Every structure is written in C-alpha cells, then in structure tokens.
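Following: one structure in structure tokens, then a few remarks.
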Amino acid sequence: MTLYFMDGKFTEQGELNISIDDRGYYFGDGVYEVIKVYGGELYTAEEHISRLFQSAAKVKMTIPYSEGQMLEIARELALCNTISVGHVYIQVTRGAAPRTHQFPASTVVPVVSAYAIQNPRPTSNIDNGVPVKSVEDIRWLRCDIKSLNLLGNVLAKQEAYEVNCAEALLHRDGVVTEGSSSNMFGVKGGTIYTHPANNLILNGITRQVVLGLCQELAVPLKETAFTIEEAFKMDELFLTSTTSEIMPITSIDGHSIGSGIPGTLTRKLQKAFALQIPSIIAGE
Ligand code: PMP
C-alpha cells in the first residue's frame, strides 16, 4: 500500500482529496522540492527543505509546518513506502479558493502534499553521458524560485526530447544559464565554469554539492557564466541535478564536446560524489 501525505495526514491514493479550486491547477501558484533517497536515507534533505521555505517566502506563502516537521514528513514517506533508491516529492500550493489572480483571504491555508517513489539511478547516462540541444531560455526572471510554474522548462525539455536529446542547454542573450531541470557546468583548461547563482538560475542543491567537492579537491571553479559559443569549445561539459547527479554531456546539437566521451574532471567529481553515499559505493 502506497502512503501519501495530504491535508495534514498520511493517506492512501483513493482517499486523496484535491480541490478543483486549488491554485496549483489555476496558476501553478506553488512551490516544490525533490529529495533523493539513497539506501533508504534522504540525501541533503535539510538543504532541500530550507530551499522549499525560501521559495515559499519569495512568493509570499507561509507553509503551515516547521522545517523540522516537513523533514519528518519526508522521512516518514520514504520509510513507510520502503524506498531504497528513489525520491520524495513535496509540493505546497497557495490553497484552494474561487479563481481570482490576487491572493485569497488569509484564512485560506496552503495545501501541502507529498509522496515517495522508488526510482533507480540513471546509471547508463551517468556512465556514458548524454547529448543536449541548445534552446533559447524564454522563462521569467525569477528562475531562483522553485515554482510549480514550469511551462518554459516543459517546452524546452520537449524540444530537446524531440531530437533525442536528454536535456535542453538554455541560453539567454547568448549566455548559457542552466538546463530545463538541471544546472550546467563547462570545463576549460582545467577550470570549471558555471552560471552564478542569481535570479536567472535555480541554485541547485547538487550544484552546491559540486562547488563543495571542487573546494575539497582543489579543483579551480569560477561562478562565471559562459556563452553558447564557448560551450561548444569546452573541454568537458556536465549537468547536475538531484535525480541526474553529475551527468556528462557528450554533444550539443550533434557537435561533440571535447573527444565526445565523459572528461577526466567530470569523472573525478563523479567519484568524489559517489564516495559520500555508502549505498552507491555498495552498488545498491
Ligand atoms: N535548475 C532547474 C531549472 C531545475 O529544475 C533543477 C532540478 N530541481 C535544477 C536546476 C537542479 O537542482 P537540484 O540539484 O537541487 O536538483
């Protein structure tokens, strides 16, 4: 039996009660998080929950639980659903109220829902790398908020999928921002480059893990954006996200990056990433 969290309690799917008036449906008026589970344990859960609260605050929404309570809910879902490798999804919408653009009355309580799902690591793509397609970044100017409003991301990912690419390499005014659901990194002459964490990208938790690993390994990293032309000439490219981890990029628009196989710095970071997670080392 799969357990979900909704309306303040753990419940079965048949008992989920979602209103047609939920502002998540009408406006994508909400925020969300995805937390990875490895070996039954949540990975970087505090960071994800903290970002959930930051996203909510940026859109002036108050989550009716504490960060500690949200952590407990996520842990409980992973445990009760006996997830070994997978993720917990959490979403908070501004609540259910008759459709008007402006915020509903303050008595309307945000709706928190969550579930846990078994989901294997994408090991083949992590090992072999993936092709990406360059796509213009047409999203709004608050990409730092992990909002449910994902149409720009959805359209970009679909454009990539239609030409058998795993991800869209988004660029705004010729500058690479991020992926449709990932952060982008380039390697040139031994230095790693990635877009600074500002309003144009989501400051990925995996991105922050990679920044930490670079410091530990004394690998030079600059939070400096690179152009789409520079991307084509990088020695290595890789993307990061909670579910993709550190994934090499082998080509953009059919043009090979470097020698067309995952690069040495990418491999080094992948190894360092795996070393932090016992269940990956154990090959589970
Ligand atoms: N950028 C976007 C637009 C994303 O949707 C994601 C995935 N959540 C990321 C970056 C990577 O973030 P994280 O490492 O926290 O999963």
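Everything numeric here is computed off the predicted structure, so don't read it as measured data. Read the numbers this way: they start at 1 and go in the same order the structure lists the ligands and their atoms. In what follows, residues are counted from 1 in the order of the sequence shown.
Looking at ligand 1, you won't find any N or O of G204 less than 3.5 Å from one of its N or O atoms. Of the N or O atoms in E178, one or more lie within a sub-3.5 Å distance of an N or O in ligand 1. Considering both main-chain and side-chain atoms, R207 never comes within under 3.5 Å of ligand 1 through any nitrogen or oxygen pair. Polar contact check, T242 against ligand 1: a nitrogen or oxygen pair lies under 3.5 Å apart. Checked against a 3.5 angstrom limit, the closest N/O atoms of R51 and ligand 1 fall inside it.
Proximity of a side-chain donor or acceptor of T177 to a complementary backbone N or O of L170 within less than 3.5 Å is detected. For E167 (side chain) and S180 (main-chain N/O), a donor-acceptor pair under 3.5 Å exists by modelled atom type.
Ligand 1 does not have C143 within reach: every non-hydrogen atom of the residue lies 4.0 Å or more from it. Close to ligand 1: K146, with a non-hydrogen atom less than 4.0 angstrom away.
A donor-acceptor contact under 3.5 angstrom links the side chains of Q118 and S84, judged on distance only.
Of the protein's non-hydrogen atoms, S181 O, 3.4 Å is the one closest to atom 7 (C) of ligand 1. Nearest to atom 11 (C) of ligand 1 among the protein's heavy atoms is N183 OD1, 3.6 Å.
Ion pair R207/E223 flagged as a salt bridge, since at least one NZ, NE, NH1 or NH2 atom sits closer than 4.0 Å to an Asp/Glu carboxylate oxygen.
Below 30°, between 30° and 60°, or above 60°: for Y115 and H87 the angle between ring planes is between 30° and 60°, a tilted geometry.
Ring centroid separation for the pair F226 and F232 does not come in under the 6.0 Å cut-off.
Taking every non-hydrogen atom of T206 and a distance limit under 4.0 Å, the qualifying atoms of ligand 1 come out as 13 (P), 14 (O). Using a 4.0 Å cut-off to heavy atoms of N153, the atoms of ligand 1 that qualify are 3 (C).
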E178 and S182: side chain to side chain donor-acceptor pair (under 3.5 Å), yes or no, with the steps?
CA-CA 6 Å; E178 59 178 345; S182 60; over 6 Å; no
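Taking F10 as the reference, L3, F5, I73, E76, L77 meet the side chain to side chain contact (heavy atoms under 4.5 Å, CB included) condition, with sequence neighbours excluded.
With a heavy-atom cut-off of 4.0 Å, I201 does not touch ligand 1 at all.
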